[in-house]
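What follows is one structure encoded as structure tokens, with my remarks underneath.
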There are 2 protein chains.
Amino acid sequence: MASLLEGQARPIRLADIARAAGVSHGTASNVFSRPEIVRAEVRERVKAVAEQMGYAGPDPKGRLLRAGKVNAIGVATTEPLSYFFDDPFARVMMAGISEACDATGAGIALVSAANQEKLAWNIQSALVDGFILFCIEGGSRLVDLTRERKLPFVALELGFQDETVSAIGVDNVAGARLAARHLAELGHRRFAVLSLAFADNRTGFATPEIVRGALYTGTRDRLAGYFEELARFGVDTTKIPVYETENEEKSTRAGLEAIFARDEPPTAILAMSDRMALIAIDWLKARGLKVPQDVSIVGFDGVPDGALCSPALTTIAQPITEIGRRAARMILDHDGAVRRETMGVELIVRASTGPARKG
Amino acid sequence: MASLLEGQARPIRLADIARAAGVSHGTASNVFSRPEIVRAEVRERVKAVAEQMGYAGPDPKGRLLRAGKVNAIGVATTEPLSYFFDDPFARVMMAGISEACDATGAGIALVSAANQEKLAWNIQSALVDGFILFCIEGGSRLVDLTRERKLPFVALELGFQDETVSAIGVDNVAGARLAARHLAELGHRRFAVLSLAFADNRTGFATPEIVRGALYTGTRDRLAGYFEELARFGVDTTKIPVYETENEEKSTRAGLEAIFARDEPPTAILAMSDRMALIAIDWLKARGLKVPQDVSIVGFDGVPDGALCSPALTTIAQPITEIGRRAARMILDHDGAVRRETMGVELIVRASTGPARKG
DNA sequence: CATTTTTGTTGGATCGATTCAAATTTTCGC
DNA sequence: GCGAAAATTTGAATCGATCCAACAAAAATG
């Protein structure tokens, strides 16, 4: 009976406590938020009344409106929510973000959605002080949506020409050059590139026009880095097949099929992500090709999985955790300025690269 | 100059728009939340004014207070935030939770904290409609803290005697029996148990008193399951060493050292988590012991990593994703009732178990 | 004991929206 | 052109707290 009534009764508010305890709501509020300025006797009485009435404590919803600050940052992506827990790159990034948030006591709200409309709504209605955007597929839409909200935000991967957007990324050109030089120095001369997208929703071999019209400058820069360095070694880069994938299993395998169906298959693969590189290793092994004896592969990102697989992946490591930490701090101590940071990368040589086969 | 002033000006409110457009707040509100009931002409005018004044859309903070519902669930743990992205079990669970949230458009807020005080505060102030609690170390404190908040919550792992708490877990006794029977049927007679905690903050061999006074009944049930089944095979369970770990590297290794330092080392290890089982495989391999030829191991949980390691782990698989989905739905369509669900488990035989060595 | 200082308490204003009954305007049938 | 019905718009009330200027009471000072 009691529980039935209880279920219907609306929750107890601070004002109810104040009335019951015979103090003003101002004092009641102080009991909870600044207990030290309330006389001990009054404080105890109010607390006792609250306890007895089953008060849950000041409702954050009310406090929030007054305070104006949520003390949480939103991390958004166009991928489904599970992306945050599945993707190795995202996970390391989240570790960095978590660290910065843990340190200041800020919360993390994951924002995503099954479709465009819902994504827009979720971004509009997320209770956060700012956003960190995982700009993968559809990054530009994500930025547009977030801009509407008029809250501070940082784009991860500065693959945007748009200089008015705060972003943190890595030196893609330098990283790509490191990868290319490493392979060239091992004697490789026949290459293929597993590329990230130059624009949304496309896979297949990328023509020079596509590259020139790249929406994602990060992809463009990596390719430019590869080509610049290979050209220095006398490689004719116009002959290098560049296959655009969606950075997942299916399109990457399709790309490998297409690349190895051509005359003169490559002895070395430049992959723009570790994800693709790891898929490629799998694919090659299944095809009976030895890595690195038959084909060498260099990845990009430096996710932990790369060290564990067999053969361990040679890659261009980004300081992923540090990027995450900085992104979070950018939001947490936001000062209104647009910041664009470029982090250095590092070549990590492991077992997936070796000398080019003679002939 | 303009941007300087803009920076200081407080954000535009709906009321500002209403005034500027010459309509009431009610109408202005409708333009954004129920556009179809506003006359087209008025709607466009208000929208134009909003656009021109740089209005960011209705502030969720305001809406929230009125609506009362946040449309987000909090997932809390006593571990640091990075736990959600690192721990394999947590990750699979989060995938299930994400799925259910994605389906209804609900958000996820991760709640955790470096220390007790902050954890309490973060739980008190999390903007959520309910909580899912990862009850690992310190689960009972977490439940107490959350109860204060008087919001619906579900405890994962029903390791609580407390029947007033909603919880989802697995049939620990049945699972443990499956594991024990599998090993016994392979001829094993000398066992050791790598146990989860019976109460907070303790590691080392567990005495019968400790087991009897278990705070975590999940741990107790698993042990009971092991023992019941082994007893059926004539094993003297009083001689089985049970080592309590914190389910991480250090204490698990310490446990293995202690177990293998005894006379008559075990030929089979029953691990209460895959995490410990995987650490054990590593430890044994490093020690020159072959798995499963010298020592067989059965884990518990069924995390994906178990299938990938070498040798692949035989384990008791929980329907982790499904548990996550159900937990999320329990909060999302909460009806005020306390629910306790027990899910079935499944023995997955892989390569880490084999026949007992003769003699 | 009168006066200042310190300490505590009060209640109105505010945060930014949504809701709904009542008032107003439009539309429509005849 | 009139009255009824339908479509819009209004404005006060509400959500649940915090903040702060003004006031009251108690303590310290001369």
Side-chain angles (χ1 to χ4, degrees), chain A residues 9-47 49-50 53-71 121 124-129 149-151, chain B residues 9-47 49-50 53-71 121 124-129 149-151:
Chain A
R10 57 207 232 343
I12 291 98
R13 303 188 319 292
L14 186 53
D16 302 327
I17 303 299
R19 198 174 319 116
V23 296
S24 70
H25 54 265
T27 298
S29 172
N30 287 334
V31 167
F32 292 96
S33 48
R34 301 146 80 198
E36 69 283 359
I37 74 162
V38 177
R39 192 151 45 96
E41 186 201 332
V42 175
R43 193 197 317 145
E44 295 314 320
R45 176 157 46 94
V46 174
K47 274 190 178 162
V49 171
M53 293 179 75
Y55 181 57
D59 186 331
K61 293 201 287 288
R63 189 206 326 270
L64 172 60
L65 184 55
R66 183 72 236 218
K69 217 159 171 289
V70 185
N71 199 32
W121 170 255
Q124 276 300 316
S125 62
L127 290 159
V128 298
D129 299 317
R149 186 69 191 277
K150 303 205 162 75
L151 285 177
Chain B
R10 57 209 233 340
I12 291 96
R13 301 189 320 290
L14 186 53
D16 302 326
I17 303 298
R19 198 174 320 116
V23 297
S24 67
H25 350 249
T27 298
S29 172
N30 287 335
V31 166
F32 293 97
S33 48
R34 302 148 76 199
E36 70 283 0
I37 72 163
V38 177
R39 192 153 44 97
E41 186 201 332
V42 175
R43 194 197 316 146
E44 294 315 319
R45 177 158 45 94
V46 174
K47 273 190 179 165
V49 170
M53 292 179 74
Y55 181 55
D59 187 330
K61 295 200 288 286
R63 185 204 331 269
L64 173 61
L65 184 53
R66 183 73 234 220
K69 218 163 171 285
V70 185
N71 198 33
W121 170 254
Q124 277 299 317
S125 62
L127 289 160
V128 297
D129 299 316
R149 186 69 191 276
K150 303 203 160 77
L151 285 178

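Just so we're on the same page: letters track the sequence lines, and every chain starts at 1.
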Taking atom [atom2] of [N] as reference, at what distance in whole Å does atom [atom1] of [X] sit?
X      : N      : atom1 : atom2 : answer
A:I17  : D:dA17 : CD1   : C1'   : 13 Å
B:L151 : D:dG16 : CG    : P     : 13 Å
A:K69  : C:dT14 : NZ    : P     : 24 Å
A:I37  : D:dC20 : CD1   : C1'   : 11 Å
B:R19  : D:dT10 : CZ    : C1'   : 16 Å
B:E36  : D:dT9  : CD    : P     : 13 Å
A:D16  : D:dA17 : CG    : C1'   : 12 Å

Is the backbone of [Y] close enough, under 3.5 Å, to the side chain of [X] for a donor and an acceptor to pair up by distance?
X      : Y     : value
A:D129 : A:K69 : no
B:R149 : A:A56 : no
A:S33  : A:S29 : yes
A:T27  : A:V23 : no
A:R43  : A:V31 : no
B:R13  : B:D59 : no

message: If you compare all heavy atoms of A:A21 against all heavy atoms of A:V49, which two are closest, and at what distance to 0.1 Å?
response: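 Of all heavy-atom pairs spanning A:A21 and A:V49, the closest is CB-CG2, 3.9 Å.
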Closest heavy-atom pair and its distance - A:L14, A:Y55: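 That would be CB-OH, 3.5 Å.
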- request: Evaluate the side-chain contact (heavy atoms from CB on, under 4.5 Å) criterion for residues B:L127 and A:L127: first the C-alpha distance (whole Å), next the side-chain angles of each, then the deciding distance (0.1 Å), finally the verdict.
  value: CA-CA 8 Å; B:L127 289 160; A:L127 290 159; 4.2 Å; yes
message: Using five pairs at each end of the helix from C:dC1-D:dG30 to C:dC30-D:dG1 to define an axis, what is the angle between those two axes, to 10°?
response: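 The end axes of the helix from C:dC1-D:dG30 to C:dC30-D:dG1 are about 30° apart, to the nearest 10°.
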Sort me out a list of protein N/O and nucleotides 17-20 of chain C N/O pairs below 3.5 Å, or just none if empty.
| residue | atom | partner | partner atom | Å |
| --- | --- | --- | --- | --- |
| C:dA17 | OP1 | B:Y55 | OH | 2.8 |
| C:dA17 | OP1 | B:D59 | N | 2.6 |
| C:dA17 | OP2 | B:L14 | N | 2.5 |
| C:dT18 | OP1 | B:R63 | NH1 | 3.4 |
| C:dT18 | OP2 | B:S29 | OG | 2.3 |
| C:dT18 | O2 | B:R66 | NH1 | 2.8 |

- prompt: 5'-most contact on DNA chain D: B:L65 or B:R39, nearest heavy atom basis?
  reply: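 Result: B:R39.
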message: Less than 4.0 angstrom between a side-chain N/O of B:S24 and OP1 or OP2 of D:dG11, yes or no?
response: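 B:S24 to D:dG11 OP1/OP2: no side-chain N or O under 4.0 Å.
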